[in-house]
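One structure is given below, encoded as structure tokens.
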Amino acid sequence: MEHAAYLGFIPPFLAITLVLVTKDVIFSVFLGIASGALIHAGGDPFAALIHVTDLFADKVADEWNIRIFLFCGLLGGLVGLLSRAGSARAFGQWTAKFIKGRRSAQLFAWLMGILIFIDDYFNSLAVGSVMRPITDRRQVSRAKLAYILDSTAAPICIIMPISSWVVTVISQIRGSAGFEELGMTEMSFFVRLIPYNLYALFALIMVFLISTTNRDFGPMADSECLAAEGIKLFNEEKYGPAPGQLEMHDDAKGAAWFDMVVPMLVLIIACIVAFPMTTYMAAEDGAPTMALIDAFRNADASKALFYGIIFSLVVSYLYFLGRGILGIKLASDAIIDGVKSMVPALAILMLAWTIGHIISKPMSEGGLGLPLYIDELIRANSFPLWFLPFCVFAISCLIAFSTGTSWGTFGIMIPITLPTAMSLGKAQGLDPEGILHIALISVGAVLSGAVFGDHSSPISDTTILSSAGGGCPHLEHVSTQFPYAIFVAFCSGVGIIVGGYTLSPLAAFIATAVIFFPGFIFITKKDPEGNPRFSGMSWRRTKE
């Protein structure tokens, strides 16, 4: 038999339960892996230990995986280089003279968050360092700044094709059972997935509306009112002291605004060029005979991103040396520190690959064949197709919120969700295009739920870094942001249900928008006397 029947549920169930209880993703996922290996080994602990160690080595040694692993580590190195150079601060100081009011300060913070999309940690720290003096001067509350940082970190990283988040997602997609049946590259699948990632899209829209209209609700309205009236930027009496003023390094001297722009442009251009280049390089005759658009579709994302980060890191290193901003030792130390900062994420990535193998691969390949067993259950029972995306969305929200990690949620949920969606679509007679769309909406629901958890969880590293980057008491950031996150999650859930019914990204987006925009106007509107619309919550409209 190629599957372990109901025993295949034990590794993901154990991992999910433990992360909810312990809040320790690495420990919990490892025990999930160990349980799967023990089942596969027939209860022999020695054979299970050997199996686990072999799986770890095989996953990292995989040609695709090792490039993704190195890309993430070197991306951390580039982030460290930019941080040590002080280029983000210089860029912020240059732009400060163009920002004249509260609305423009918030909008510019949103725009900066959109532009810095390569890594969520760097987003929170760099934009916070740049914008905090500007928003303080324009009487924008620290809670609002922290919210903007948090809401343009994970949401933008998960929809831009060049980021540490995306390579993690596409590596999970590529390793999921049955993906090859879709007849497309993992990057093409990811690009088609973007319209279904409703939470990320509407979280970005929410920040834009909040920034441009100055309309707020819940605890954020109180924090903004105190700041706009010049009373206080953060409420230390209610929420405790703000974290230390987190700044970029002061080792470098003489950085200018373009020292931020140049490395970012080099990274973007290098990766874009590398995508079709990998296709042409792989051609048997070595000649670029394929059309450019087809070359993009058939590109090897792992090679393209790896080539791009290597080139960008070398160019940026030489650029900062040539500019005299960093010396050889400072620049080298900065890269090493940046790589070190990625170690926890790399550990989670390796564990995610391994538990995905244990869950999804058949017994003959070292796994438990859970997708095969689920396929049998689906064919024997009539599970409602439309309900699957919402189910995985709700489960992903719970896991990510309780653990504070999106990457761990990706590793647990994607290897189960993708083959399940495809099997369910086949069992209910969908054509190949319909099967593709149920796979897209289901995986998109996983991403939406994972980003919601990372965005709103008080123990999320990105949430903590956003509090620090914004100089906002952590409790104030969590309390003021949570109502906004719940509102966007509710609207996204409605869209996901509609998307499950229609298998249309346009219908899912429109359904979300129909709930989102009127809901935004309603909950931020105050009555003529200025009294709160609902007991226990205050709604105000702040002034420019």
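The first residue of the sequence shown is numbered 1, and numbering continues consecutively from there.
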Taking the side chain as C-beta and beyond, is there a heavy-atom pair between Lys59 and Ile355 under 4.5 Å?
no
Is Phe311 atom CZ crowded by more than 12 heavy atoms from other residues, nucleotides or ligands, each under 6.0 Å away?
no
Show, in sequence, the C-alpha distance, side-chain angles and deciding distance for Leu305 and Ile309, and conclude whether the side-chain contact (heavy atoms from CB on, under 4.5 Å) test is met.
CA-CA 6 Å; Leu305 294 173; Ile309 191 63; over 6 Å; no
Closest approach of Gly495 to Leu198 (non-hydrogen atoms, all atoms of both residues)
C-CD1, 3.7 Å
Atom CD1 in Ile496, atom CZ in Phe393: separation rounded to 0.5 Å?
4.5 Å
Using a 3.5 Å distance criterion without hydrogens, assess whether the side chain of Ser456 forms a donor-acceptor pair with backbone atoms of Phe482.
no
Going by the rule side-chain contact (heavy atoms from CB on, under 4.5 Å), which residues pair with Leu430 if we only count those two or more places apart in sequence or in a different chain?
Leu385, Ile435, Ile438, Leu503
Quick one, Ile158 and Val169 - any side-chain contact, counting heavy atoms below 4.5 Å?
yes
Crowding at CD, Glu63 (>12 non-hydrogen neighbours, <6.0 Å):
no
Between Thr53 (side chain only) and Ile50 (backbone N and O only), is there a donor and an acceptor less than 3.5 Å apart?
yes
Looking at every non-hydrogen atom in both residues, tell me the closest pair between Leu267 and Leu75 and how far apart they are.
CD2-CD1, 4.5 Å
Can you name the closest pair of heavy atoms from Pro389 and Ala445 and give their distance?
O-CB, 3.2 Å
Do the ring centers of Phe202 and Phe516 come within less than 6.0 Å of each other?
yes
Check for a donor-acceptor pair, side chain of Thr420 on one end and backbone N or O of Ile416 on the other, with a separation under 3.5 Å.
yes
Below 4.5 Å, heavy atoms only, C-beta onward: do Pro415 and Gln172 meet side chain to side chain?
yes
Nearest non-hydrogen partners of Val166 and Met160, listed with the distance
CG2-O, 2.7 Å
Apply the test side-chain contact (heavy atoms from CB on, under 4.5 Å) to residues Val498 and Thr512: give CA-CA distance (whole Å), side-chain angles for both, the deciding distance (0.1 Å), then the verdict.
CA-CA 9 Å; Val498 173; Thr512 307; over 6 Å; no
Side chain to side chain, Pro505 and Leu440, heavy atoms closer than 4.5 Å:
no
So, do Phe190 and Met187 sit near enough that their side-chain heavy atoms are less than 4.5 Å apart?
yes
Between Phe517 and Leu209, does a side-chain contact (heavy atoms from CB on, under 4.5 Å) hold up when you go through it step by step?
CA-CA 10 Å; Phe517 289 106; Leu209 291 177; 3.8 Å; yes
Does any pair with a residue in residues 477-499 pass side-chain hydrogen bond (donor to acceptor under 3.5 Å, both in side chains), and if so which ones, sequence neighbours excluded?
Asp150-His477, Asp150-Gln481, Asp216-Tyr484, His455-Gln481
Please enumerate all residues that pass side-chain contact (heavy atoms from CB on, under 4.5 Å) together with Ile497, with sequence neighbours excluded.
Trp386, Phe390, Tyr501
So Leu418 and Ser442, do their side chains get closer than 4.5 Å, heavy atoms only?
no
Could you check Phe487 against Met206 for side-chain contact (heavy atoms from CB on, under 4.5 Å), going step by step and ending with a plain yes or no?
CA-CA 10 Å; Phe487 171 69; Met206 180 77 168; 3.9 Å; yes
For residues 412-454, the ring-ring contact (aromatic ring centres under 6.0 Å, His included) pairs (sequence neighbours left out) are Tyr199-Phe452
Taking CZ in Phe490 as the centre, count heavy atoms belonging to other residues, nucleotides or ligands within less than 6.0 Å. Is the count above 12?
no
Is there any ring-ring contact (aromatic ring centres under 6.0 Å, His included) pair reaching into residues 25-44, and which pairs are they, with sequence neighbours excluded?
His40-His51
Using 0.5 Å steps for rounding, measure from the CD1 atom of Ile173 to the CG atom of Leu193.
6.0 Å
Kindly determine whether Phe189 and Phe179 satisfy ring pair (Phe, Tyr, Trp, His ring centres under 6.0 Å), including the steps that lead there.
CA-CA 10 Å; Phe189 184 88; Phe179 173 71; 5.7 Å; yes
At what distance, to the nearest 0.5 angstrom, does SG of Cys491 lie from CD1 of Ile486?
11.0 Å
Quick one: do the Ser406 and Thr409 side chains pair a donor with an acceptor below 3.5 Å?
no
To the nearest 0.5 angstrom, please state how far the CZ atom of Phe71 sits from the CZ atom of Arg67.
13.5 Å
Considering only heavy atoms from C-beta outward, does the side chain of Pro263 approach that of Leu82 to under 4.5 Å?
yes
Heavy-atom pair of closest approach, residues Ser151 and Pro155:
O-CG, 3.2 Å
Any side-chain heavy atom of His3 sitting closer than 4.5 Å to one from Leu368?
no
The reported gap from CE in Met350 to CD1 in Ile33 (rounded to nearest 0.5 angstrom) is 8.0 Å
Residue pair Ser35 / Pro11: nearest heavy atoms and the distance that separates them:
OG-CA, 3.5 Å
The side chain to side chain contact (heavy atoms under 4.5 Å, CB included) partner of Ser396 among Val451, Val446, Ile414, Ile412 is Val446
Strictly by modelled atom types, are Trp110 and Thr152 linked by a side-chain donor-acceptor pair under 3.5 Å?
no
State the CD1-CD1 distance between Ile10 and Ile358, to the nearest 0.5 angstrom.
12.5 Å
Test: salt bridge (Lys or Arg N to Asp or Glu O under 4.0 Å). Region: residues 190-210. Which pairs qualify, not counting sequence neighbours?
Arg192-Glu433
Whether Glu2 and Lys361 form a salt bridge (side-chain N of Lys/Arg under 4.0 Å from carboxylate O of Asp/Glu) is what I want to check.
no
